[in-house]
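Residue indices begin at 1 and follow the sequence shown. A quick note: this is a predicted structure, and the numbers were derived from the prediction, not measured.
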Amino acid sequence: MELRLITQRVHMNKCNCRENRQVTLDRDFNVPDAKPDALSIMKEKADVQVEEARMLDGKASIKGELAFQILYAVDGGMPVCEMKGSIPFEEMIPLPCADRDDELTVHASIEDLRSELINSRKLGLKAVFSLEVSAETVCDGEGAVDLEEAENVFFQKKTLDISRLVFTKKDTLRIRDEWKIPGTKDAIGQILYSDFRLGEMDTRVNENELQVDGQAHLFVIYLSESESPEINFYDNTIPIEGRIDCGGCDSDMVAQVMTGIHSRDLEIKDDEDGESRVLDAELVIDFDIKIYGQDQLELLTDFYSTKEKCQPVFEDSYFENLIVHNKSRTRISGKIPSVEGRVPLQIWDVSGELRIDTKEQRENGMQVEGIVDVSVLYLTEDDRVPLVSVKGVIPFSQFVEAEEMDESSNVWLHGSLEQISGSVTGDKEIEIKAVAALDLIAFERIEEPIVVSFDSEPIDWKARSREPGIIGYVVQAGEELWDIAKRFFTTTDAIMSINKMETDTLQAGDILLILKEMAPQ
């Protein structure tokens, strides 16, 4: 008898190791000679840009830079000025369970960012950010699912719900838009400060593509084009619409997508009247995409023959099954006081960063606690320093539902701030309203012994012929009818028939009659 295993492969993304590292950068910077003296710090912004991630012996080498913008008030002349720069970093993060060939995924999030005025020609910047580094293997899980030439062979199977990695890709989406400054505002003479930030972002898997819909926000401070330039601002929303090729995907699949701004460019153009009223913006957005499909895998878990000794050979195999993908949105509100003695006349800009402080897994979900780090820029009556910046912190708490998740699950949680706005209340406080999105995706870890081969040898029928034709057998604790049939080269049906059993349920101590199978003719 020639038995042959039929196997099936499943393309998976296995996370071998994940570590978090907190990084602190603290640097002082001289104001360039071409820029005016600083009077006070108004606001700061930074992005962590990972330039290289590679595996060494048991460690991940992460190189990149912290790119920052600082807006400061000027003592005389133009009211505000922007200063840009970067701080390089290199971190070695132990990943003891990772292999050299693993692919590294790095997610960076800023936990704290503060700048200070040391003197009129020197600024200090301190940043604390976390690097979440995952070492992943794109691998093929393989297991026996059936047998060829299975006459006189009996087998057991098990059905697994599993997720397969259908598509993985890093790509960019280029967005370009332009606006004309309305006639109620002055034409642009010089841009003093500009800020792009991503807002609400939705992705959906369609046939062979990922559909992207969202928006970004642009905020600009500029000096007017006139003999006596005045400070002004402009803001607008950039719609984001696009499609990224994802061959082999369909609408029933689930996408895990990380986004970030790769580059930005802003240019002033003349309108049809020759006035500098047109802003041409180009935004390039990074996408890190993984798309999963759901399958059922029917694994062969055991088999035997009544005509030959067959011993399956097992190896442990690893599978994952997507159990929840929940994008939960929460509304956040609070108040921050305006600067004493600097009454807000008009709010120009409200920006914020979502910081997740704690993630606690609970029954049926995850409790998330954190803050929104808020910065508000507003206009006052003071001609010498017309713009004032005020900062504050608003806490938030959100429960993200995930019913089937447990402590062994492979969980990813990322948060983003989709909307934020502010208004002046009657008591001279600034009321902040925001919408945060918490994107949770969790996989069940499945470690399953699978049949990879088998050993076989002929049955010694002469020895078997000397055995009694029928024996009594006492059922041991934990034994199933299948185990007993396999041991005595018979079938479960034959045992149930001779013992007149209506079900295959056994109890320890039960006595069964076993009829010996005869040698093949």
Query raised in the report: Checking Thr380 side chain against Pro386 main chain: does a donor-acceptor pair fall under 3.5 Å?
Result: yes
Query raised in the report: Between the side chains of Gln22 and Asn20, does any donor sit under 3.5 Å from an acceptor?
Result: no
Report summary line: So the side chain to side chain donor-acceptor pair (under 3.5 Å) pairs with at least one residue in residues 260-269 (sequence neighbours excluded) are Asp47-Arg264, His262-Asp286, Lys269-Asp280
**Report entry** Candidate pair Thr168 and Gln256, rule side-chain contact (heavy atoms from CB on, under 4.5 Å), full reasoning
**Finding:** CA-CA 10 Å; Thr168 179; Gln256 181 183 6; over 6 Å; no
Query raised in the report: Can Asp439 and His325 be counted as having a side-chain donor-acceptor contact under 3.5 angstrom?
Result: yes
Query raised in the report: After noting the C-alpha distance and the side-chain angles of Leu71 and Leu377, does the key distance pass the side-chain contact (heavy atoms from CB on, under 4.5 Å) rule?
Result: CA-CA 11 Å; Leu71 180 69; Leu377 196 64; 4.1 Å; yes
**Report entry** More than 12 heavy atoms of other groups within 6.0 Å of Gln346 CD
**Finding:** yes
Query raised in the report: Does the distance from a Lys or Arg side-chain N to an Asp or Glu carboxylate O, for Glu111 and Arg355, drop under 4.0 Å?
Result: no
Report task. Take atom NZ of Lys126 as the centre, draw a 6.0 Å sphere, and report whether it contains more than 12 heavy atoms from other residues, nucleotides or ligands. Result -> no
**Report entry** Electrostatic pair Glu136:Lys290 at N-O distance under 4.0 angstrom
**Finding:** yes
Query raised in the report: Under a 4.0 Å N-O cut-off, is there an ion pair linking Asp270 with Lys180?
Result: no
Query - Main-chain N/O of Leu322 paired with Ser163 side-chain donor or acceptor, under 3.5 Å - result: yes
Query raised in the report: If you measure only the distance, is there a donor-acceptor pair under 3.5 Å linking the side chains of Ser226 and Ser224?
Result: yes
Requested in this report: Keeping the roles fixed (side chain from Tyr222, backbone from Asp186), state whether a donor-acceptor pair exists under 3.5 Å.
Outcome: yes
Report task. Compute whether any side-chain donor of one residue and acceptor of the other, for Asn364 and Glu403, lie under 3.5 angstrom apart. Result -> no
Requested in this report: Step through it carefully: locate the ring centre of Tyr193, locate the ring centre of Tyr72, and say whether they are under 6.0 Å apart.
Outcome: no
Query raised in the report: Going by atom types only, do Lys43 and Ser351 share a side-chain donor-acceptor pair under 3.5 Å?
Result: yes
**Report entry** Aromatic contact, Phe233 with Trp348 (centres under 6.0 Å)
**Finding:** yes
Query - Modelled atom types, side-chain donor and acceptor of Ser109 and Ser130, under 3.5 Å - result: yes
Query raised in the report: Between the side chain of Asn206 and the main-chain N/O of Glu209, is any donor-acceptor distance below 3.5 Å?
Result: no
Query raised in the report: Do Asp28 and Ile118 pass the side-chain contact (heavy atoms from CB on, under 4.5 Å) test, and can you show the C-alpha distance, the side-chain angles, and the key distance before you say yes or no?
Result: CA-CA 8 Å; Asp28 295 340; Ile118 299 173; 3.3 Å; yes
Query raised in the report: Is the shortest side-chain N to carboxylate O distance from Arg445 to Glu447 below 4.0 Å?
Result: no
Query raised in the report: Between Asp373 and Arg114, is the closest basic N to carboxylate O distance under 4.0 Å?
Result: yes
Report task. Measure from the side-chain N and O atoms of Arg121 to the backbone N and O of Pro32, and report whether any donor-acceptor pair falls under 3.5 Å. Result -> yes
Query raised in the report: Just by distance, with hydrogens left out, do Ser328 and Asn326 show a side-chain donor and acceptor under 3.5 Å apart?
Result: no
**Report entry** Under-4.0 Å salt bridge between Arg329 and Asp202
**Finding:** yes
Query raised in the report: Is any side-chain N of the basic residue among Glu103 and Arg54 closer than 4.0 Å to the acidic one's carboxylate O?
Result: no
Query raised in the report: Is there a side-chain contact (heavy atoms from CB on, under 4.5 Å) between Ser416 and Leu198 once you walk through the steps?
Result: CA-CA 9 Å; Ser416 61; Leu198 294 180; over 6 Å; no
Requested in this report: Classify the side-chain pair Glu369/Thr358 by whether it contains a donor and acceptor separated by less than 3.5 Å.
Outcome: no
Query raised in the report: With distance as the sole criterion, is a donor-acceptor pair present between the side chains of Glu207 and Ser251 under 3.5 Å?
Result: no
Query raised in the report: Would you say the side-chain atoms of Asp99 pair up with the backbone N or O of Asp101, donor to acceptor, closer than 3.5 Å?
Result: no
Query raised in the report: Counting only N and O atoms by type, is there a donor-acceptor contact under 3.5 Å from the side chain of Ser61 to the main-chain atoms of Met92?
Result: no
Query raised in the report: Under 3.5 Å, side chain of Ser86 to main-chain N/O of Ala67, donor-acceptor pair present?
Result: no
Query raised in the report: How about Phe443 and Tyr292: are their ring centroids closer than 6.0 Å?
Result: yes
Requested in this report: Classify the side-chain pair Asp161/Asn321 by whether it contains a donor and acceptor separated by less than 3.5 Å.
Outcome: no
Query raised in the report: If you measure only the distance, is there a donor-acceptor pair under 3.5 Å linking the side chains of Glu82 and Gln69?
Result: yes
Query raised in the report: Can you find a side-chain donor-acceptor pair between Tyr234 and Asn236 that sits under 3.5 Å?
Result: yes
Query raised in the report: Do the side chain of Arg277 and the main chain of Pro182 share a donor and acceptor less than 3.5 angstrom apart?
Result: yes
Query raised in the report: Within the distance-only criterion (no hydrogens, no angle test), does the side chain of Asp406 pair as donor or acceptor with the backbone N or O of Ser408 below 3.5 angstrom?
Result: yes
Query - Under-4.0 Å salt bridge between Glu431 and Lys335 - result: no
